[in-house]
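Have a look at the structure below before the remarks.
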Amino acid sequence: MMRNVVAIDGPAGSGKSTVSRIAAERLGFTYLDTGAMYRALTLRAIKSGISLEDEKRVEQVVASANLEFENGFVLLDGTDVTKEIRSNQVTRHVPTVAAYPSVRAVMLVKQRLLADNSAGIVMEGRDIGTVVFPDARWKFYLDAKPEVRAKRRQKELELQGKEREFGAVLEDILKRDKEDSERQTAPLRRASDAILIDTSELSINETVEKIITEIESKKPYAVSW
Ligand code: CDP
C-alpha cells in the first residue's frame, strides 16, 4: 500500500529533526523522530543495569518498553525522558542497541503501526526510506559536510548548557556515522530513489521549502490536505 509517508533519513547534524518537524507542521502530518525511539530504548537498557553487549537481555528490555510521543515529549513507561535521552551517555551507546536485528524488528512494527494510524506522517531516521517504508511516496536523504554537522551539534549542546570542544564533537559524529553505516542490519544509507539534499549551505527554511515543493509536485490525486 502506498501510504502518505515522508521518509527523511540522514546522519547526525544533517538538519533532519528541525526540518522534519516544520515540514510535518506545514503538511498537517504527524511527526515521528525514530532516533528518539532508539534513544529511549537505550536509556531503558542502561537504567536496567544489563550489559549492552548481551543482545538477548537488551531485546527483553526493549520488547517490554512502553514508548509514547505527546506534543514533542517522549514518554518512556509513562515518564518524561525528553531531556534525558539526549545525554552524552545515551548518545554514545545508541548505535550498539540500534545495531541489534531483534531490537530493530520490534521498532519496525511500532513505526509501521504509527503510520497506519495517521493520515500522513513525516518519519525521520536512518533506515526509513530503505527498510521501514521502502515504498514511501516521498523520500529524502539529508546530508552535510562533517564539519558543518559538528558545528551544528556543538551549538545544540551549548544551548543545553553543555560546552564541548569542536574536535571532540566532530570525532563523536564521525564515529557514530561509521557505526551506523557499517552495521549489518538496516545501515545508514541513501535509498536509490531518495532525493539527496546537501544542507551544508542551506538554511532550515530553504531546506523545508525544497522538501515541500517536491511533495507538492508529487501529490497523489486522492489526497486532500
Ligand atoms: O540526534 P541525532 O541526529 O544525533 O541522532 P538520532 O536521530 O537521535 O539517532 C540516534 C541514533 O539512533 C543513531 O546514531 C542510530 O544509531 C540510531 N538510529 C537508528 O539506528 N535508526 C533510526 N531509524 C534512527 C536512529
Side-chain angles (χ1 to χ4, degrees), residues 5-21 31-46 52 58 62 65 67 69 72 74 76 81-112 114-115 121-134 136 139-144 146 148-157 159-160 162 164 168-191 194 199 204 207:
V5 173
V6 181
I8 304 188
D9 291 303
S14 56
K16 282 187 324 275
S17 295
T18 316
V19 162
S20 302
R21 199 177 321 111
Y31 161 62
L32 184 69
D33 172 2
T34 62
M37 298 175 94
Y38 286 100
R39 284 172 177 276
L41 298 179
T42 304
L43 178 66
R44 197 178 202 257
I46 292 171
L52 296 188
V58 172
V62 161
L67 288 180
F69 298 89
V74 183
L76 172 64
V81 293
T82 316
K83 268 211 183 119
E84 226 179 330
I85 60 170
R86 307 279 154 200
S87 74
N88 263 339
Q89 193 194 19
V90 171
T91 304
R92 220 170 332 111
H93 292 296
V94 189
T96 306
V97 171
Y100 292 135
S102 54
V103 170
R104 303 204 71 87
V106 175
M107 287 303 100
L108 186 95
V109 172
K110 281 192 200 293
Q111 288 155 5
R112 288 190 179 156
L114 283 163
I121 192 163
V122 177
M123 204 179 283
E124 59 137 321
R126 301 288 191 284
D127 63 334
I128 311 306
T130 49
V131 175
V132 184
F133 287 108
K139 294 186 191 180
F140 300 92
Y141 189 89
L142 266 49
D143 207 348
V148 174
R149 296 192 283 117
K151 194 90 219 143
R152 288 177 185 155
R153 186 44 50 100
Q154 192 189 23
K155 260 200 192 146
E156 259 170 42
L157 290 169
L159 287 174
Q160 297 167 22
K162 302 174 192 163
R164 291 205 61 210
V169 179
L170 178 61
E171 202 178 297
D172 281 357
I173 279 203
L174 293 176
K175 179 166 185 278
R176 203 142 53 92
D177 282 359
K178 190 169 152 58
E179 288 169 326
D180 288 340
S181 330
E182 291 183 356
R183 68 175 173 230
Q184 290 287 319
T185 311
L188 166 68
R189 62 177 177 78
R190 182 175 79 86
T199 69
I204 303 253
T207 312

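Atoms within a ligand are numbered from 1 in the order they appear, just like the ligands themselves. Sequence positions, counted from 1, serve as the residue numbers for this chain. A quick note: this is a predicted structure, and the numbers were derived from the prediction, not measured.
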Residues in the immediate environment of ligand 1 (any heavy atom closer than 4.0 angstrom):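 Ligand 1 is contacted, at a heavy-atom distance under 4.0 Å, by Ala12, Lys16, Thr34, Gly35, Tyr38, Arg39, Arg86, Val94, Pro95, Ala98, Arg104, Gly125, Arg126, Asp127, Arg153, Arg176, Asp180, Arg183.
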With Leu157 via side-chain contact (heavy atoms from CB on, under 4.5 Å) - residues at least two apart: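 For Leu157, the residues satisfying side-chain contact (heavy atoms from CB on, under 4.5 Å) (neighbours in sequence not counted) are Arg153, Gln160, Lys162, Arg164, Val169.
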In a table with atom names and distances, give each donor-acceptor pair under 3.5 Å that connects a side chain of residues 91-98 to protein atoms at least two apart or in another chain.
| from | atom 1 | to | atom 2 | distance (Å) |
| --- | --- | --- | --- | --- |
| Thr91 | OG1 | Arg39 | NH1 | 3.0 |
| Thr91 | OG1 | Ser87 | O | 2.9 |

Expected output: side-chain Thr82 to main-chain Val74 donor-acceptor under 3.5 Å: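 Side chain of Thr82 to backbone of Val74, a donor-acceptor pair under 3.5 Å: yes, one is there.
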Side chain to side chain donor-acceptor pair (under 3.5 Å) partners of residues 123-133, not counting sequence neighbours, each pair once: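 Passing the test, one end in residues 123-133: Ser17-Glu124, Tyr31-Glu124, Arg104-Asp127, Arg126-Asp180.
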Heavy-atom side-chain contact between Leu52 and Ile46 under 4.5 Å: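 Heavy-atom side-chain distance check passes, below 4.5 Å.
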Non-hydrogen side-chain atoms of Leu67 and Leu76 separated by less than 4.5 Å: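 Side-chain contact under 4.5 Å: yes.
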